[in-house]
Amino acid sequence: MAGRYKSDLGWSDVTPKADWLNRRALMAGAGALALGAIAGPAAASLGAKKTDWGAGLEPNTFEDITSYNNFYEFGTDKGDPARYASALTTDPWSVEIDGLVDRPGAYGLEDILSKVTLEERIYRLRCVERWSMVVPWVGFELADLLEMAGVQAGAKYVAFETALRPDEMRGVSYPVIDWPYREGLRLDEAMHPLTIMATGLYDEPMPNQNGAPIRLVVPWKYGYKSIKSVVRISLTDTQPVTAWNAYSAKEYGFYSNVNPNRDHPRWSQKYERKVGGGLFAKQVETLMFNGYEAEVADLYAGMDLIEFH
Ligand code: MTE
């Protein structure tokens, strides 16, 4: 491992694999059937390539990451996704890629995976609600997928859509947002090497509650941009409608870059609390672009980040 991490600290050092496998076996034994897809004995290691991303970060435990979730299609309580997302059928799965691309069509997940190299990316995740985690995602760059489809010269934005399956998603009978869940990025944000499509975490296939089988992860933006269980990706020349922006544009901007200097109208964004620290967890200062300023600030050169929040 020498030289790979600044601190030589990867998730496997923080939580020995045998430990979390054991805890999972215990949970399954205790009848935690809601963990469904992830509790099965078949959960194979993805063998993701290690990367430098995440040097010095301490990942949250597998339990934290899979039991404290936002996935409103399954309910608005933090425990609802772990309880109910096992109802989502994730195999077979395909992603429809359409709009301004040379090769539109349904891209089967297995076909996509046969053409990419999975990497581990240990990223911070900062929710607009002021909690945060560190997650050892497994995935590949969104740019690789967009290149498969062939982005046309006129494309300026990328729109994403989550599956909408009332039979499997008990939460969508409530009009919390205008379903399906939708998100969007500017094309240069989508092509940025930090932007990944994640298909797993802790080197295992993505748990349903975290957005199985494939979800977006954009680590410098508030967590709601990182849309789960993606079934459609559309290349457009106009800024796409996004779920939370359509719900309340003042509260949830299209850009949604993590920014301690731009408060949410109902709360400050200067601080956050890392999940898993217990009731008395200290608040820590929120970092500009969630700590990825060196990598992404150039994307917004000359832009007023308060106005374009
Ligand atoms: N994607 C869909 N389809 N539905 C959702 O409710 N919640 C978002 C985002 N993606 C959400 C979603 C929010 S608010 C956050 S903070 C992250 O997912 C949480 O991801 P996690 O549960 O894997 O930590």
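Counting starts at 1 for both ligands and their atoms, in listed order.
When hydrogens are left out, the protein atom nearest atom 14 (S) of ligand 1 is N70 ND2, 3.4 Å; that is the closest non-hydrogen contact. For atom 4 (N) of ligand 1, the nearest protein heavy atom (residue, atom name, distance) is E73 OE1, 2.8 Å. Of the protein's non-hydrogen atoms, the one nearest atom 16 (S) of ligand 1 is C127 SG, 3.4 Å. Nearest to atom 6 (O) of ligand 1 among the protein's heavy atoms is Y72 N, 2.8 Å. The protein non-hydrogen atom at the shortest distance from atom 10 (N) of ligand 1 is S226 O, 3.0 Å. Here the protein heavy atom with the shortest distance to atom 1 (N) of ligand 1 is K228 N, 3.1 Å. The protein heavy atom nearest to atom 5 (C) of ligand 1 is Y181 CE1, 3.3 Å. The closest protein non-hydrogen atom to atom 24 (O) of ligand 1 is L125 CD2, 3.3 Å.
Among the candidates F308, F289, Y292, the single residue satisfying the ring-ring contact (aromatic ring centres under 6.0 Å, His included) test with Y300 is F289.
Against a heavy-atom cut-off of under 4.0 Å, T162 is close to the following atoms of ligand 1: 3 (N). Proximity to N210 (heavy-atom distance under 4.0 Å) selects the following atoms of ligand 1: 21 (P), 23 (O).
The residue among R215, E183, Q209 with a heavy atom at the shortest distance from atom 23 (O) of ligand 1 is R215.
Judged by the shortest distance from any of its heavy atoms, S229 lies outside the 4.0 Å radius around the atoms of ligand 1.
Side chains of Y181 and W244: a donor-acceptor N/O pair is present below 3.5 angstrom, by distance only. Side chain to side chain, S45 and D203 meet the donor-acceptor criterion of an N or O pair below 3.5 Å. With no hydrogens or angles considered, no side-chain donor-acceptor pair links T286 and Q269 at under 3.5 Å. Between the side chains of E129 and N70, at least one donor-acceptor pair of N or O atoms lies under 3.5 Å. Between the side chains of T238 and Y157, not a single donor N or O lies within less than 3.5 Å of an accepting N or O.
No donor-acceptor distance shorter than 3.5 angstrom exists from the side chain of D178 to the backbone of A246, with no hydrogens or angles considered.
Considering CZ of R182 and OG of S234, their distance stands at 11.0 Å, rounded to 0.5 Å.
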